[in-house]
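Okay, structure first, notes after.
Numbers here are sequence positions counted from 1. None of the values given here were measured: they were computed from a predicted structure.
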Amino acid sequence: MSDTTINTSEEQQMFGHPKGLFYLFFAELWERFSFYGMRALLTLYMVQEIFKAISERDTATAVVYASYGSLVYASTVIGGQISDKILGMRSSIFLGGILMAIGHFVLAIEHDIAFFLALALIVVGNGFFKPNISTFVGALYEEGDVRKDSGFTIFYMGINIGGFAAPLLCGWLAATYGWHYGFGLAGIGMLAGLIFFWSGISKNVFGDKGLPPSQEIYEKRILGIPQKTLIPIIAVLFVPVIAYLLSSWQQNYVSGIFKFIGFAVLAYLVYIMYSLDVVARKKLIMAVLITFFMTLFWGFHELSGSVITLFASRNVALDGIMTASQTNALNSMFIIILAIPISLLWGYLSKNKLNPRTPYKFGLGLLLAGASFYILSISGASADENGMVPFAYLFIMYFIISIGELFMSPVGLSKITDLSPKNIVAFMMGVWFLSSAFAFQIVGFISEELAIENVPGQVINPLESLSVYTEGFHLIALYALGAGAIVLVFSPLMKKLMGNVH
């Protein structure tokens, strides 16, 4: 009997990790391939195709892109809750993956209505897929398993490999054969991710992980329909609603919705703080501050898919190095190159008791974001007679902001769990995910401010757009540098708020 147990255990291991990790690695790699491949094309596609007949095409693109990004990240909070209480991770991942794959393929249809329906399908699908596959990785390891951190490192490398390869391949297809070939490849990527996940289930590499929390609740009938069937029906019914919100860019309903959500979340947090003791209250205040600063950073960082892509298209001399959409691969490339060296740096500093605490890392991260935009702001001085700046400025910008990302993003999530009171950890995790959604509202605001009016059918003059972008980048740099300086100045106070949390 013991021999059988050992053999089964060995069969479920690969390179010292649960075998299921590598199926989730490839599933997430291909899902991120589809997501970032589509995102690399989205802004340029809207400017050059969907809104090409209107003079406010940059503004319309900015609003739709921001609304889409906000809803994509906000949907993960709802999808995660439904998975935890009813569907379980496996069913949620399949439902989300199928909806996203359909969305990517619908993008290949040349029609305005199809375009907004496709974005809505991806929003709903991402809500079920994204939070659950990450949670699934953690579920493969027992409590206290020392391999867990390295397992997540392997998993997140898959995210960045997908994020690096997708803009290159989808961007090349779109430039060579047409937009819809690029979108179609993104859809194929999503299907590939689902196939890997299904393969893992069929080979039983996940054991009993990821099943519904309660079979009784899973099968429970509401209005005569089992919940396992009712939830996909409701998800599909929400697609046209979200499509309408996205298409109503002139009213910008999504911005109003997030203003209300933001006010409600802050009001609830203030209410919670009154019931806490002094130590817990200080820690929760620090958790809110970390979330705010991370939102600010992502608000600048996510401009890569909108304003910075337009800047690359209109004002960067790419000279056949890559297309404007392919420049979206630079961030993931630098994350892959820099992740291990920076991780080793923190390890070295820890051994020598020099590892800076979280507030200092956040302050430095924001300073690096400011420096990256300052690089873009001075690029105009090197522009040629046609208003085109050297590619090196964009390359250096992505290098610097990627370092800033590695200073902030990996530590933020763990600190939220450490700083939040135990009875609201799940709520604070939801707030943390919402921070990315609110970041896209910052993206929308900045993108609208840097929108360039044009005569429909005419190409924008690079000499006119260059000054708009460089002046805008200068302002962003000032705000980011100012925020970073404020965080560093008040870091000693923030350390006291954190108490015993490093």
Side-chain angles (χ1 to χ4, degrees), residues 30-31 33-69 71-72 97-126 166-194 236 238-251 254 305-306 309-310 312-314 322-328 447 451-452 454-460:
W30 283 109
E31 184 274 330
F33 179 96
S34 72
F35 184 85
Y36 285 110
M38 184 277 284
R39 196 195 76 161
L41 305 177
L42 185 58
T43 290
L44 293 173
Y45 178 64
M46 284 193 283
V47 166
Q48 297 177 20
E49 297 295 334
I50 298 297
F51 299 119
K52 65 181 179 182
I54 63 174
S55 60
E56 307 94 343
R57 62 180 181 176
D58 278 18
T59 300
T61 296
V63 174
V64 173
Y65 182 81
S67 298
Y68 164 75
L71 291 171
V72 155
I98 290 168
L99 289 172
M100 290 176 76
I102 294 170
H104 288 301
F105 287 125
V106 171
L107 268 176
I109 301 172
E110 297 187 36
H111 196 283
D112 288 2
I113 294 176
F115 172 75
F116 290 111
L117 284 173
L119 292 187
L121 282 162
I122 295 169
V123 166
V124 176
N126 185 77
L168 297 178
L169 293 174
C170 294
W172 173 77
L173 269 178
T176 308
Y177 298 103
W179 295 107
H180 303 291
Y181 287 92
F183 289 130
L185 180 60
I188 292 170
M190 187 66 251
L191 283 181
L194 281 176
V236 171
F238 263 95
V239 168
V241 176
I242 293 172
Y244 173 75
L245 292 175
L246 291 171
S247 65
S248 304
W249 62 270
Q250 290 168 310
Q251 289 77 28
V254 175
S306 58
T309 298
L310 290 177
S313 174
R314 294 165 176 170
M322 53 177 49
T323 65
S325 60
Q326 288 177 321
T327 61
N328 282 265
S447 300
I452 297 169
N454 70 291
V455 177
Q458 288 189 10
V459 177
I460 289 174

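Gly125 approaches Leu99 most closely through the heavy-atom pair CA-CB, 3.8 Å. Nearest heavy-atom pair, Pro240 versus Leu117, reported as atom, atom and distance to 0.1 Å: CA-CD2, 4.3 Å. In this structure, Phe51 and Arg57 approach most closely via the heavy-atom pair O-CB, 3.1 Å. The nearest pair of heavy atoms linking Ser325 to Gly171 is OG-CA, 3.3 Å. What you find for Val239 and Leu121 is that their closest heavy atoms are CG2-CD2, 3.7 Å. Across every non-hydrogen atom of Ala243 and Phe116, the tightest pair is CB-O, 3.6 Å.
Screening residues 167-176 for side-chain hydrogen bond (donor to acceptor under 3.5 Å, both in side chains), with sequence neighbours left out, gives Trp172-Thr176.
Within a 6.0 Å sphere centred on CD of Glu110, other residues, nucleotides and ligands contribute 12 heavy atoms or fewer. With a 6.0 Å radius and a threshold of 12 heavy atoms from other residues, nucleotides or ligands, Ile54 has its CD1 atom above the threshold.
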Review point. What's the verdict on side-chain contact (heavy atoms from CB on, under 4.5 Å) for Glu31 and Asn126, showing C-alpha distance, side-chain angles and the deciding distance?
Key: CA-CA 9 Å; Glu31 184 274 330; Asn126 185 77; 4.0 Å; yes
Review point. Which is it for Leu71 and Leu246 under the side-chain contact (heavy atoms from CB on, under 4.5 Å) test, yes or no, and what are the steps along the way?
Key: CA-CA 9 Å; Leu71 291 171; Leu246 291 171; 4.0 Å; yes
**Study point:** Pair Thr61-Ser306, side-chain contact (heavy atoms from CB on, under 4.5 Å): steps then yes or no
**Key:** CA-CA 8 Å; Thr61 296; Ser306 58; over 6 Å; no
**Study point:** Chi angles and distances behind the side-chain contact (heavy atoms from CB on, under 4.5 Å) call for Arg39, Tyr68
**Key:** CA-CA 10 Å; Arg39 196 195 76 161; Tyr68 164 75; 5.5 Å; no
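Considering only residues two or more places apart in sequence or on other chains, Arg314 meets the side-chain hydrogen bond (donor to acceptor under 3.5 Å, both in side chains) condition with Asp58, Tyr469. Applying the ring pair (Phe, Tyr, Trp, His ring centres under 6.0 Å) criterion to Phe115, with sequence neighbours excluded, gives Tyr45. For the side-chain hydrogen bond (donor to acceptor under 3.5 Å, both in side chains) test, no residue two or more places apart in sequence or in another chain qualifies with Ser67. A search for ring pair (Phe, Tyr, Trp, His ring centres under 6.0 Å) contacts involving Phe35 returns nothing, not counting sequence neighbours.
Under the 4.5 Å side-chain criterion, counting only non-hydrogen atoms from C-beta, Gln326 is not in contact with Cys170. Side-chain atoms of Tyr36 and Asn328, non-hydrogen and from C-beta on, never get closer than 4.5 Å to each other. Under the 4.5 Å side-chain criterion, counting only non-hydrogen atoms from C-beta, Met38 is in contact with Ile122. You'll find the side chain of Leu119 reaches within 4.5 Å of the side chain of Leu42, heavy atoms only.
A donor-acceptor contact shorter than 3.5 Å is absent between the side chain of Ser248 and the backbone of Leu245.
Within the model, atoms NE2 of His104 and CD1 of Ile102 stand 11.5 Å from one another, a figure rounded to the nearest 0.5 Å. Note that the CZ atom of Phe105 and the CE atom of Met100 stand 12.5 Å from one another [nearest 0.5 Å]. Note: Glu56 CD to Gln250 CD = 7.5 Å, rounded to the nearest 0.5 Å. For the atom pair OG1 of Thr309 and CG of Leu41, the computed distance is 9.5 Å after rounding to the nearest 0.5 Å. With values rounded to the nearest 0.5 angstrom, Ile242 atom CD1 is found 12.0 Å from Ser247 atom OG.
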When the side chains of residues 178-190 are checked against the rest of the protein, which donor-acceptor pairs come out under 3.5 Å, sequence neighbours left out?
{"unit_1": "His180", "atom_1": "ND1", "unit_2": "Leu107", "atom_2": "O", "d": "2.9"}
{"unit_1": "His180", "atom_1": "ND1", "unit_2": "Ala108", "atom_2": "O", "d": "3.4"}

